[in-house]
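Structure provided below as structure tokens; questions to follow.
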Amino acid sequence: MQNHAYAQTRLLSLLLLLLSAASRGAAQAVPNPGEKIESLVTFGAQAPTSNGDDDFTQTFFFLVPAEERRPLYIRVFDPDCGGQLDAKVGQFNTRTEFSLYGGVGTHSGKGATDPRPANPAVPPSGRLLKQQIFADEPTYDGKYFNFGPLNPLEGEMVPQFQGYVYKVVVRGLSGNDGNLYRFFLSSSPNLNVPIPGGNAFTYEYCFRIPAAPPSGRPVTVHLYPFANEHVVSIKQSNFDLDNLAKLTVFSIAKNGHEAPVSGDGQWVSSVLPIDTREYGLSLDFRLVSKATTFNDVVFYVTDQYDTALPFFAVPLGGPPRYQYDIDMKIHK
């Protein structure tokens, strides 16, 4: 028992170290530049799910180190649905709600980390701190809206991360357009200034794969799900990839394992074993597309207990690199 407790403590310390290292610099941009993802996307509630959004909602969590006391800001880039940056269907008619939650239950509440919509629907857990609805509003087209200033202590203390967690829930209330947007966790209301040790993560990722250039050169995007020490196997589930991309999985123990992708408006899943060498590290879900049009898609990952695993903005421990097993033999 003592050895097991020591191992858990050591792994937790490693996780916290990796969280701190991974969240420096641009790590608090969502999506992160290293993911090569064009933007997040949420469609209005009247859009067909075949547009690439299964439930017209998206949730992101923002982690602030326990020792941080300076005011912080969760900045939303282009929160309105109008202009050249969004997906127009007919005339812009979409209303999108951005809701900020903190306090007890924000991350630990029932259903808070479940990527699948509850049936019947339940309100988001935590304490609602601020809510804003955006339509076609030039004031915010291509500009930032700030949640803040926020007191770091208003988030929920999550012991496994040794920090306070906020969440932003985005809902497409009405309309049929696609609202494309980005986040940044910042210590400044006017600039994107990372908070040392901060990070961002989600349990369901709805995002846009960029179009490939006319030259035919493919585009590659990366997703980084995290495997803790309790994970024996993972089940990846993806939606509406239109069979237009190739999905391969890389890690310290996987060198391009292929996984199936979904068709138009469909879900597909597959199971992959987790090697003990992958504990406490992120995997690299690599999507390669030659499609000359953009594609909006959804991903989530669960373990053998059907518990969702987080996608961090940047891979914990850095981009995973496969380590070859070299069989050395001495010939006489």
Side-chain angles (χ1 to χ4, degrees), residues 26 28-33 35-62 71-101 128-150 166-194 200 202 204-211 213 219 221 240 292-298 313:
Q28 291 158 65
V30 180
N32 184 267
E35 294 174 292
K36 307 298 183 183
I37 291 172
E38 186 169 304
S39 63
L40 309 176
V41 61
T42 299
F43 276 83
Q46 278 72 57
T49 56
S50 58
N51 281 358
D53 189 347
D54 68 313
D55 58 6
F56 315 118
T57 185
Q58 179 149 231
T59 300
F60 256 89
F61 296 88
F62 298 87
L72 60 98
Y73 302 83
I74 298 175
R75 312 190 73 210
V76 189
F77 179 71
D78 193 53
D80 81 311
C81 191
Q84 295 183 351
L85 300 179
D86 299 301
K88 186 177 181 180
V89 181
Q91 297 298 315
F92 280 120
N93 64 353
T94 294
R95 297 168 65 247
T96 310
E97 177 186 82
F98 290 77
S99 303
L100 172 69
Y101 293 85
L128 179 63
L129 300 177
K130 187 171 183 178
Q131 190 173 75
Q132 188 84 13
I133 296 174
F134 299 91
D136 181 4
E137 302 176 35
T139 301
Y140 292 107
D141 187 32
K143 299 179 177 64
Y144 279 96
F145 167 82
N146 285 340
F147 284 112
L150 303 172
Y166 288 88
K167 73 179 172 190
V168 175
V169 179
V170 185
R171 296 176 57 222
L173 298 179
S174 61
N176 60 354
D177 310 293
N179 190 348
L180 281 79
Y181 53 94
R182 307 172 72 93
F183 293 113
F184 202 101
L185 177 62
S186 177
S187 60
S188 168
N190 302 313
L191 299 171
N192 290 334
V193 181
T202 186
E204 183 190 41
Y205 219 149
C206 187
F207 61 93
R208 171 162 290 187
I209 300 175
V219 296
V221 302
D240 197 47
T292 54
T293 57
F294 62 80
N295 196 3
D296 300 323
V297 302
V298 182

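Quick note: numbers below take in every heavy atom, side chains included, and nothing from hydrogens, waters or symmetry partners. Keep in mind it's a predicted model, so treat the numbers as computed, not measured.
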Quiz item: Do the side chain of R75 and the main chain of P189 share a donor and acceptor less than 3.5 angstrom apart?
Solution: yes

Quiz item: Looking at side-chain heavy atoms only, is the closest gap between C206 and L40 below 4.5 Å?
Solution: no

Self-check item: The single option from F62, F77, Y144 passing ring pair (Phe, Tyr, Trp, His ring centres under 6.0 Å) against F183
Solution: F62

Practice problem: Taking the six-membered ring for Trp and the single ring otherwise, decide whether the centroids of Y205 and F60 are under 6.0 Å apart. | Solution: yes

Quiz item: Is it the case that more than 12 heavy atoms not belonging to R171 sit under 6.0 Å from its CZ atom?
Solution: no

Quiz prompt | Whether D78 side chain and G142 backbone form a donor-acceptor pair below 3.5 Å | solution = yes

Quiz item: With a 4.5 Å heavy-atom cut-off, do V219 and I209 have their side chains touching?
Solution: yes

Quiz item: Side chains of Y140 and Q132: do they bring a donor and an acceptor to under 3.5 Å?
Solution: no

Quiz item: Given the rule in the side chain to side chain contact (heavy atoms under 4.5 Å, CB included) test, do T57 and T42 qualify, once you have shown the distances and angles that lead to the verdict?
Solution: CA-CA 6 Å; T57 185; T42 299; 5.7 Å; no

Quiz prompt | Side-chain heavy-atom pair D86, D177 within 4.5 angstrom cut-off | solution = no

Quiz item: Quick one: does T94's side chain have a donor or acceptor within less than 3.5 Å of a partner on G178's backbone?
Solution: no

Quiz item: Checking ring-ring contact (aromatic ring centres under 6.0 Å, His included) for the pair F98/Y181: CA distance, chi angles, key distance, verdict?
Solution: CA-CA 11 Å; F98 290 77; Y181 53 94; 5.3 Å; yes

Quiz item: Is the shortest heavy-atom distance from the side chain of N93 to the side chain of Q46 under 4.5 Å?
Solution: no

